[in-house]
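Just so you know, residue 1 is the first one in the sequence shown, and it goes up from there. This one's a predicted model, so the numbers in the text were calculated from it and none came from an experiment. Remember, it's 1-based here, ligands and their atoms both numbered in the order they're listed.
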Amino acid sequence: MSIQFGPDYVRAIAPYQGGKPIAEVAREFGLDEAKIVKLASNENPLGMPESARQAMLEAVADIGRYPDANGFELKQAITAKYGVPQEWITLGNGSNDILELAAHAFVQPGQSVIYSQYSFAVYALATQAVGGRAIVVPAKNYGHDLAAIANSITADTRLIFIANPNNPTGTFIPAADIEAFLKVVPRDIVVVLDEAYNEYLAPELQYESTAWVREYPNLLVSRTMSKAYGLAGLRVGFGIAQPAITDLLNRIRQPFNVNSLAQAAAIAALNDSAFLQKSAQLNADGYRQLTQAFDAMDLEYVPSYGNFVLVKVGNDDGAGARLNLALLKQGVIVRPVGNYGLPQWLRISIGLPEENAIFIEALKKALA
Ligand SMILES: *Cc1c(COP(=O)(O)O)cnc(C)c1O
């Protein structure tokens, strides 16, 4: 009999399934890497901003030294951009780090964590990793049902994850609804408001969650440099919360969780509003391109506020996997979402116009 290590709740974790890397698909299907289109991980199709590349090249000179453990200059850039005090900021190795730090800091084994059906996979992983008890609240129209979430709070609830916009469904909760929700959640339960796709929101939908942080001591806003800012490979994100929360997160994070190149690139990207604007415009155009094609093909999709679209590719539970394989064979990588309980759907990240066009043609072929 082999020895079993660790607690049951760790052995029960199903590993995170990411988008397939381009090199792996090229090997598996005998394709030319250069011709593969990857629309699978909600990355910025423009890649990184040139300003970030330059900042990293300069920072390379000092790579023999440890990074600034407190990320002073990066926090200054965040302060300048978002108008929050430095004591409110926790830097993370991607915002994934912030989500995990929150689970570690606030949840003990057996205590409950609430998140929505069809919400970001990392909420389940972070909960399981600390032995938390997940309360998964049924989604409403593929998005968060905040009233049901509030009604699901139990005496031992320590943490609630909300994604706005949500991944993988792309749904959006209007600011007024979130604020009404924050009002009713007991102040000793931490609410993580995960805003990974905030930069893609149209101006009329933008809201100032940082203002809510001042009012709600139990609110932790999470942001990432991986999506609109184009730095997914570097792993930088940050949390914004009052010091009572921020202090705890900073005690348990790795002292050097954000490396020097990442810090330098993030500062440059935060200051590069032209790149952000270009990314948002490209995304809006690509959304129109994809959804017009879906309309023409009579395919159902969930209206999305992020940089991706969830589209229904069939009425049987094999449809997502089948269409995914048919697309892979044509060199197009998208994201099957069967692991989210959406086996009839695929999630398509919005790419460059030519990438979107290649995907649309491949999808037509695959459905024919
Ligand atoms: C992509 C994503 C993140 C985090 O990405 P990082 O690269 O770890 O910053 C967080 N939340 C949601 C909902 C996401 O889709």
For this session: Output the list of atoms in ligand 1 that are nearer than 4.0 Å to some heavy atom of N167, sorted by atom number.
Result: 13 (C), 14 (C), 15 (O)
Exercise. Can you tell me the protein heavy atom closest to atom 9 (O) of ligand 1 and the distance?
Worked result: T224 OG1, 2.5 Å
For this session: Measure the acute angle between the ring planes of F120 and Y16, then classify it against the limits of 30° and 60° as parallel, tilted or perpendicular.
Result: perpendicular
For this session: Could you tell me whether Y197 and ligand 1 have an N or O pair separated by under 3.5 Å?
Result: yes
Exercise. Which residues satisfy the salt bridge (charged side-chain N to carboxylate O under 4.0 Å, His left out) test with E355, sequence neighbours excluded?
Worked result: none
Exercise. Ion pair present between R322 and D316, side-chain N to carboxylate O less than 4.0 angstrom?
Worked result: yes
Exercise. Any idea which part of R235 is under 4.0 Å from ligand 1, heavy-atom wise: side chain, backbone, both or neither?
Worked result: side chain
For this session: Heavy-atom contacts with G94 under 4.0 Å: which atoms of ligand 1 show up? List them by number with element.
Result: 8 (O), 9 (O)
For this session: Can you establish whether the number of heavy atoms outside K312 located under 6.0 Å from its atom NZ is more than 12?
Result: yes
Exercise. Quick one: does ligand 1 sit under 4.0 Å from the side chain of N96, the backbone, both or neither, non-hydrogen atoms only?
Worked result: both
Problem set entry | Heavy-atom gap G237 to ligand 1 smaller than 4.0 Å | no
Seminar exercise, completed: The protein heavy atom nearest to atom 11 (N) of ligand 1 is D194 OD2, 2.6 Å
Problem set entry | Ring center gap for Y66 and F256 short of 6.0 angstrom | yes
Exercise. Any chance the rings of W212 and Y207 have centres within less than 6.0 Å?
Worked result: yes
For this session: Identify the protein heavy atom lying closest to atom 4 (C) of ligand 1, giving its residue, its atom name and the separation to 0.1 Å.
Result: S95 OG, 3.0 Å
Exercise. Would W345 and Y118 count as a close aromatic pair, with their ring centres under 6.0 Å?
Worked result: no
For this session: Of the side chain and backbone of A196, name the one, both, or neither that has a heavy atom under 4.0 Å from an atom of ligand 1.
Result: side chain
Exercise. Is R347 positioned over the aromatic face of F308, cation under 6.0 angstrom from the ring centre and no more than 45 degrees off axis?
Worked result: yes
Problem set entry | Y200 ring center near Y287 ring center (under 6.0 Å) | no
Exercise. Does at least one non-hydrogen atom of N42 fall below 4.0 angstrom from an atom of ligand 1?
Worked result: no
Seminar exercise, completed: For S226, the ligand 1 atoms with a heavy-atom partner under 4.0 Å come out as 6 (P), 7 (O), 9 (O)
Exercise. Among all protein non-hydrogen atoms, which one is nearest to atom 2 (C) of ligand 1, and what is the separation to 0.1 Å?
Worked result: K227 NZ, 2.4 Å
Exercise. Are any of the N/O atoms in Y123 less than 3.5 Å from those in ligand 1?
Worked result: no
